[in-house]
Amino acid sequence: MKKVLSAICLVLLFGAAAFLFLLRYTASVQTGPSAAPAPTAAQTPAPAVSAAPVPTPTPEPTPTPTPEPTPEYFVVTYIGDQTLCSHQNGSDFEKKMNGDYSYPFSNVVQYFADDEYTIANLEMTFSDQKLWSYETFYFRAPAASAQILVEGGIDFVTTANNHTNDFNSVGPKDTAAALDAVGVEYGLMDEAKVVTTPHGLKLGIYCTFDKSFLPKEDKAIAAIEQLKAEGADYIICAFHWGIEKHYHPTDKQVALAHACIDAGADMIYGSHSHCLQPIEEYNGGLILYSMGELSFGGNTSPWDPDSAIVQVTMRRDPDGTVTHESYSIIPCCVSSRPVLENFWSYGYNDYKPTPYVEGTAAYERALSKILGTYEGPDGQSNYSNWHASYG
């Protein structure tokens with residue numbers, strides 16, 4: 001019995017010792033300085049979560065500044081008398097032209113073709129009828145000769161002059177038909193009309209002639225008022241007036257021109273004198289008292305060879321207002337022969353106007369006539385020798 005108890009005691013002591021040993025061992029593993037870290041399962045790092053992308057704002061386009069409206073500029077050209085045929089007892093013009101419709105204006109066409117509008121005085125009749133007149137001189141060319149104006153770059157002609165009714169009512173009717181056929185604008189006797197240029201300038205043109213060679217003021221002012229009412233941008237009075245071969249206008253012409261400008265006209269465009277007369281600026285208007293002759297088939301030896309082309313620079317403002325701003329003068333000879341061939345004898349006219357060479361005596365002489373400084377004597381129209389020759 002004692003042996004059994006002794007054995008049990010030993011077993012209990014042994015077990016207690018073992019339990020203490022295990023307890024200490026476990027504590028050393030958990031707290032000991034050299035204990036290795038307990039293994040952990042490998043972990044895949046979680047992806048970084050970024051904030052939602054902020055869209056880049058589209059830059060506002062920088063507005064292109066609207067350019068300030070600027071004025072437009074155009075050139076309107078004025079020239080003198082055009083008689084594109086010989087008188088009733090001649091044929092020199094036709095021989096020299098020789099069927100070439102571009103011939104008469106071939107030395108000046110560059111001024112007319114490149115401008116906005118060209119205005120001339122047409123002192124003749126276009127008709128295919130054989131017409132006769134009681135006038136001292138009368139001028140008729142075939143209807144096809146109206147093509148001369150087209151080839152020369154002329155856009156508008158006034159037909160209101162002392163040769164309008166050389167052939168009674170037939171002349172104006174046939175002339176108008178010929179001009180219509182080639183597309184050249186025209187003004188009839190006492191007609192006020194608005195014409196539109198290629199770039200939209202509305203020119204109001206009043207064309208008139210009176211047997212006294214002084215238009216009626218009341219009729220002119222009424223025409224100016226009509227053109228205003230019709231919306232003309234710029235008003236031109238085309239007057240066939242004055243005294244032949246006089247280098248200055250009469251006092252009555254000056255007074256009428258001033259009255260028309262005061263009434264609202266912008267330009268007075270004169271013809272008839274067969275020589276140049278001064279240009280005048282008055283109250284915002286421009287007055288060409290007479291532009292003389294240019295291509296003039298009615299005379300083989302014109303008394304005065306000097307002519308000119310006047311080109312007026314027109315300004316159209318953004319609000320539509322049209323005014324003239326400046327002008328230039330191109331002194332010319334009615335014939336190319338004195339300019340190119342130094343040929344001045346009888347029969348010098350070849351009907352081909354040509355600009356004078358700048359700085360020459362002829363250039364300065366012609367320029368002085370249109371500037372009003374010419375001091376030469378006036379001429380006189382005397383056709384008694386012509387009547388004696390032709391009966």
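Residue numbers run from 1 in the order of the sequence given.
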Item to complete: Check the pair Q311 / Y111 against side chain to side chain donor-acceptor pair (under 3.5 Å), numbers first and verdict last.
Response: CA-CA 8 Å; Q311 295 200 296; Y111 297 103; over 6 Å; no

Fill in: Side-chain donor/acceptor of Q82 to backbone N/O of S295, under 3.5 Å
yes

Fill in: pair I79-M291: side-chain heavy atoms closer than 4.5 Å
no

Worksheet entry | Straight-line distance of Y73 OH to T313 OG1, nearest 0.5 Å | 9.5 Å

Fill in: Residues S86, E94; criterion side chain to side chain donor-acceptor pair (under 3.5 Å); working and verdict
CA-CA 7 Å; S86 302; E94 290 74 15; 2.7 Å; yes

Worksheet item: Between H272 and S290, what is the shortest heavy-atom contact and its length?
Response: N-OG, 4.1 Å

Practice prompt. Look at the side chain of T196 and the backbone N and O of V194, then say whether any donor-acceptor pair between them is shorter than 3.5 Å.
Written response: no

Discussion item. Which residue is it: I119, I236, I205? I am looking for the one with a side chain to side chain contact (heavy atoms under 4.5 Å, CB included) to M267.
Written reply: I236

Worksheet item: When you check the gap from the basic side-chain N to the acidic O, do D378 and K245 get nearer than 4.0 Å?
Response: no

Discussion item. For A192, is there any backbone N or O sitting under 3.5 Å from a side-chain donor or acceptor partner on Q226?
Written reply: yes

Worksheet item: Is the shortest side-chain N to carboxylate O distance from R316 to D233 below 4.0 Å?
Response: no

Worksheet item: Does any non-hydrogen side-chain atom of F112 lie less than 4.5 Å from one of D155?
Response: no

Worksheet entry | CA sep, side-chain torsions, deciding dist, call: T323, M314, side chain to side chain contact (heavy atoms under 4.5 Å, CB included) | CA-CA 6 Å; T323 55; M314 309 291 293; over 6 Å; no

Item to complete: Test side chain to side chain donor-acceptor pair (under 3.5 Å) on D166 and S133 and set out the steps.
Response: CA-CA 6 Å; D166 281 354; S133 174; 4.6 Å; no

Discussion item. Taking the side chain as everything from C-beta on, heavy atoms only, tell me whether P278 gets closer than 4.5 Å to P249.
Written reply: yes

Worksheet item: Hey, would you say the Y138 and H163 ring centroids sit under 6.0 Å apart?
Response: no

Worksheet entry | K219 side chain near D190 side chain, heavy-atom distance below 4.5 Å | yes

Worksheet, complete the sentence: Heavy-atom closest pair (D210 atom, K216 atom, distance to 0.1 Å) is OD1-CE, 3.4 Å

Discussion item. Closer than 3.5 angstrom, by distance alone: can the side chain of E72 be matched with the main-chain N or O of R315 as a donor-acceptor pair?
Written reply: no

Fill in: Ring centre gap for F156 and Y186 strictly below 6.0 Å
no

Discussion item. Before you tell me yes or no, could you show the steps for W241 and I268 under side chain to side chain contact (heavy atoms under 4.5 Å, CB included), namely the whole-Å CA-CA distance, both residues' side-chain angles and the distance that decides it to 0.1 Å?
Written reply: CA-CA 11 Å; W241 60 351; I268 308 298; 3.9 Å; yes

Discussion item. Evaluate Q253 against H258 for side chain to side chain donor-acceptor pair (under 3.5 Å), listing each step before the verdict.
Written reply: CA-CA 9 Å; Q253 285 179 267; H258 289 185; over 6 Å; no

Fill in: Considering all heavy atoms, the nearest D92-N349 contact
OD2-O, 4.0 Å

Discussion item. Could you measure the distance from the OG1 atom of T175 to the NZ atom of K173? Nearest 0.5 Å is fine.
Written reply: 12.0 Å

Practice prompt. Provide the closest heavy-atom pair for P355 versus C332 in the form atom of the first, atom of the second, distance.
Written response: CA-SG, 3.8 Å

Discussion item. What verdict does the salt bridge (Lys or Arg N to Asp or Glu O under 4.0 Å) test give for K202 and E230, after you've listed the backbone C-alpha separation in whole Å, the side-chain angles of each residue and the deciding distance to 0.1 Å?
Written reply: CA-CA 10 Å; K202 293 181 179 180; E230 293 178 359; over 6 Å; no

Fill in: Partner of R365 under side-chain hydrogen bond (donor to acceptor under 3.5 Å, both in side chains), chosen from T360, D306, D304
D306

Practice prompt. Considering non-hydrogen atoms only, spot the tightest contact between S345 and S301 and give its length.
Written response: O-OG, 4.5 Å

Worksheet item: S271 pairs by side-chain hydrogen bond (donor to acceptor under 3.5 Å, both in side chains) with which of Q277, E123, E293, H240?
Response: H240

Discussion item. The test is side chain to side chain contact (heavy atoms under 4.5 Å, CB included); show your working for F105 and I148 and say whether it passes.
Written reply: CA-CA 8 Å; F105 297 111; I148 295 171; 3.8 Å; yes

Discussion item. Under the criterion side chain to side chain contact (heavy atoms under 4.5 Å, CB included), I'd like the reasoning laid out for Y117 against L203: C-alpha separation, chi angles, the key distance, then a yes or no.
Written reply: CA-CA 10 Å; Y117 213 66; L203 304 179; 3.8 Å; yes

Item to complete: Say whether, by atom type as modelled, one donor and one acceptor occur between the side chain of D100 and the main chain of S102 under 3.5 angstrom.
Response: yes

Discussion item. I'd like to know whether CD of E325 has more than 12 heavy-atom contacts from other residues, nucleotides or ligands below 6.0 angstrom.
Written reply: yes

Practice prompt. Measure from the side-chain N and O atoms of R140 to the backbone N and O of Q129, and report whether any donor-acceptor pair falls under 3.5 Å.
Written response: yes

Worksheet item: Does the ring pair (Phe, Tyr, Trp, His ring centres under 6.0 Å) test come out yes or no for Y348 and F343, once each step is laid out?
Response: CA-CA 6 Å; Y348 74 87; F343 187 86; 7.9 Å; no

Worksheet item: How about Y78 and Y269: are their ring centres within less than 6.0 Å of each other?
Response: yes

Fill in: Spatial distance of atom CG (L122) from atom CG (L84) [nearest 0.5 Å]
6.5 Å

Worksheet entry | Side-chain (N283) to main-chain (D262) donor-acceptor, under 3.5 angstrom | no

Worksheet item: Rounded to the nearest 0.5 Å, what separation is found between the CG atom of D266 and the SG atom of C237?
Response: 9.0 Å

Fill in: Check: A144 main-chain N/O paired with Q147 side-chain donor or acceptor under 3.5 Å
no

Worksheet entry | V184 vs V150 side-chain heavy atoms within contact, under 4.5 Å | yes

Worksheet entry | Close side-chain approach of L131 to V170, heavy-atom, < 4.5 Å | yes

Discussion item. Given F239, which partner from the list N121, T208, T158 fulfils the side chain to side chain contact (heavy atoms under 4.5 Å, CB included) test?
Written reply: T208

Discussion item. Working to the nearest 0.5 angstrom, can you tell me the gap between T83 OG1 and N299 CG?
Written reply: 10.0 Å

Worksheet entry | Closest contact, heavy atoms only, Y289 versus E280 | OH-OE1, 2.6 Å

Worksheet entry | Residue pair W344 / P338, side-chain heavy-atom distance below 4.5 Å | yes

Practice prompt. Name the orientation class of the two ring planes belonging to H87 and F137 (parallel below 30°, tilted from 30 to 60°, perpendicular beyond 60°).
Written response: tilted

Fill in: T197 (side chain) donor-acceptor with L201 (main chain) under 3.5 angstrom
yes

Discussion item. Can you tell me how far apart CH2 (W303) and CD (E244) are? Round to the nearest 0.5 Å.
Written reply: 10.0 Å

Discussion item. Quick check on D319: does its CG atom have over 12 non-hydrogen neighbours (other residues, nucleotides or ligands) under 6.0 Å away?
Written reply: yes

Worksheet entry | Geometric cation-pi criterion, K369 with Y374: 6.0 Å, 45° | yes

Practice prompt. Could you check if a side-chain atom of N165 sits within less than 4.5 angstrom of a side-chain atom of P172, using non-hydrogen atoms only?
Written response: yes

